[in-house]
Asks: 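Following this message is one structure expressed as C-alpha cells.
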Amino acid sequence: MFAQVLSAALCATAVLATPVTVKRDDFGLEWMSKDSSLPKVVLYNTGGTIVSTSNYSTIDNVNYGSGPRVLPEYLIGNYSVLLDRAQIAIVDMSKAGGSSNLNSTLYYNVSKAANEHLCSEGSDIAGAVMFHGTNTEEDTFFGVDLTLNCSKPFVATGAMRPESYISNDGPSNFYQAVAVASDPKARDRGALVVFNDRISSAFYTIKTNGNTPDTFKALEQGNLGACIGGQPYWYFEPSYPVARYHFDLSSVASGENLPHVVVLFGSQGFDTSLMYAAVANGAKGIVIMGAGAGQLSTGAVEVAGKLKEQGVPVVASLRPVTGASPPKPFEQNYISSGYMQAGKARIQLQLCLATGMGWEGCRNVFEKDMREVIYNDSTEYYFS
C-alpha cells in the first residue's frame, strides 16, 4: 500500500507558484527558468540515492532503491526555490542499478559534456552540478576534476537518505550545490563537493561513513567553506589544490578505451600472485593499499620491479583513512601515491596511462611535488 501511495505522489505534477519558461540553447539544452537574468547551471543526473525511493516505509534508509525513481524535474517542482537561484538545464546520464555498477566510462562522459558546456568559447553557463550515487561518487568527481579544462565550478552532490525518507537530505544538498555552482567566487578552485552544509575540494574529499548524511569530508585538509542560510560562505580565497594535475582527454576516443587499473589490499601474508593475475587479466596498472604509510611487502616490491620492466606501474597507496604514502630517498620499483587514497590513485594512474605517459611519467605526476618538499628538489640525492 505504501508503495502505491508513493508512486501516485511521485507521478503527480508539481505546480510551481511562478510560471516557468523553457528555452533551448545552442548546446541543445532546455533551460527551466523563472528569471532569464539568473545564472545558468547545468545538472548532470547520473542517478543515486537523491532520486531513489523505498517500497517499504518513510523511515527506510537501508533497503531503498526498488521504489519509483524520482526525476530531477520533480525535485525542482517541489522545491521551486531552486529556480530563484539559477536557471537549470538537465542532462540525463542515469543508468539502471546503483553506482557500484558504474565504471570509468561515466566520468569520461560527464567530463566530455562539462568541458563542452562550461569551457567552450562564449559559453554563458556559470557552472555545473552532478547527481551521483554516493558509493562510488568520489571516483567520478575526482576523474572530472582532473580532466575539466576551465575555471568554472563543477559541483558534485547527492544524498544519503532517499527522497521517500522522513527527513531526506537531497533537496537541501541540491539547493546548496546550485548556489555554489552559480557563485562567481566558486571559480578557480577545481571541482567541489557539496554535502550537508559543507563545501570541500573534490581532490581531497573522501566518503568517510557508509550510512550518515555527514560523510563526505577532507579530513586532513579541511573544508573550503560552508552553506549558511543556503548560500555559500568561503573560508579562503580561490586556489587550486597542490599536486592537482590536468589530463587532456581529447585524444582518448571513448571511456571504454581507458586502461584497466586494479586495486589490491595489502594485508599480512599478501599474495603476490594476485599482481601477476591482474596483469594476465588485462590490467595495465596496479594500486596496492599498502600497510601503514604505503608499505609494501618484500615480495610485492620484487614483483613490482618485474612488472616495471614490462611497463606496468605499481602504485603504493595507504590503508589508513588519512595520511600519506611518501616517496623514499632512493629509486623504487613502485610509485608512491602521496596523499591519495587507493580509489583516487586508481583514477589518476588510469589517466596517466590513457594519455600516453610511461612508467617515469606516471611516477612524476604522483611524486614530483612531495619529492621536492621532502628532498629539497635534489635529484642526485633522490637517486643516490
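Since the structure is predicted, the reported quantities are computational estimates derived from the model, not experimental observations. Position 1 is the first residue of the sequence; numbering continues from there.
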Asks: Output every pair passing disulfide bond (SG atoms under 2.5 Å apart) with a member in residues 145-183, not counting sequence neighbours, ordered by first then second residue.
Replies: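 As it turns out, the disulfide bond (SG atoms under 2.5 Å apart) pairs with a partner in residues 145-183, which skip direct neighbours, are Cys119-Cys150.
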Asks: Residues two or more places apart in sequence or in another chain: which of them pass salt bridge (Lys or Arg N to Asp or Glu O under 4.0 Å) with Glu30?
Replies: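 By the salt bridge (Lys or Arg N to Asp or Glu O under 4.0 Å) rule, Glu30 matches Arg24.
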Asks: According to salt bridge (Lys or Arg N to Asp or Glu O under 4.0 Å), who are the partners of Glu220, at least two apart in sequence or on a separate chain?
Replies: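 So Glu220 forms no salt bridge (Lys or Arg N to Asp or Glu O under 4.0 Å) with any residue.
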Asks: What salt bridge (charged side-chain N to carboxylate O under 4.0 Å, His left out) pairs are there with at least one residue in residues 273-292, not counting sequence neighbours?
Replies: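 Listed once each, the pairs would be none.
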Asks: Any chance the rings of Phe174 and Phe131 have centres within less than 6.0 Å?
Replies: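 Yes, they do, as the ring centres are separated by less than 6.0 Å.
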Asks: Please tabulate, for side-chain N and O atoms in residues 184-192, each donor-acceptor pair with protein atoms closer than 3.5 Å (sequence neighbours left out).
Replies:
from	atom 1	to	atom 2	distance (Å)
Arg187	NE	Ser151	OG	3.4
Arg187	NH2	Ser151	OG	3.0
Arg189	NE	Lys185	O	2.8
Arg189	NH1	Phe236	O	3.1
Arg189	NH2	Lys185	O	3.1
Arg189	NH2	Phe236	O	3.0

Asks: Provide the full list of salt bridge (charged side-chain N to carboxylate O under 4.0 Å, His left out) pairs with a residue in residues 35-60, sequence neighbours left out, each pair given once.
Replies: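 Non-adjacent pairs meeting salt bridge (charged side-chain N to carboxylate O under 4.0 Å, His left out): Lys40-Asp124.
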Asks: Check side chain to side chain donor-acceptor pair (under 3.5 Å) between Gln87 and all other residues, then give those that pass, not counting sequence neighbours.
Replies: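 Residues passing side chain to side chain donor-acceptor pair (under 3.5 Å) with Gln87: Ser33.
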Asks: With salt bridge (charged side-chain N to carboxylate O under 4.0 Å, His left out) as the rule and sequence neighbours excluded, what pairs involving residues 241-269 come up?
Replies: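 Sorted pair list: Asp145-Arg244.
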Asks: Name the atoms and distances for all side-chain donor-acceptor pairs under 3.5 Å in residues 290-299, with sequence neighbours left out.
Replies:
from	atom 1	to	atom 2	distance (Å)
Gln295	OE1	Lys328	NZ	3.1
Ser297	OG	Ala300	N	3.1

Asks: Identify, with sequence neighbours excluded, every residue that meets salt bridge (Lys or Arg N to Asp or Glu O under 4.0 Å) alongside Lys308.
Replies: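 Result, salt bridge (Lys or Arg N to Asp or Glu O under 4.0 Å) vs Lys308: Glu331.
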Asks: Listed by chain and number, what are the side chain to side chain donor-acceptor pair (under 3.5 Å) partners of Asn364, not counting sequence neighbours?
Replies: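 Testing Asn364 for side chain to side chain donor-acceptor pair (under 3.5 Å), a comparison that skips the adjacent residues, returns none.
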Asks: With sequence neighbours left out, write down each residue that passes salt bridge (Lys or Arg N to Asp or Glu O under 4.0 Å) with Asp271, or none if nothing qualifies.
Replies: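 So Asp271 forms no salt bridge (Lys or Arg N to Asp or Glu O under 4.0 Å) with any residue.
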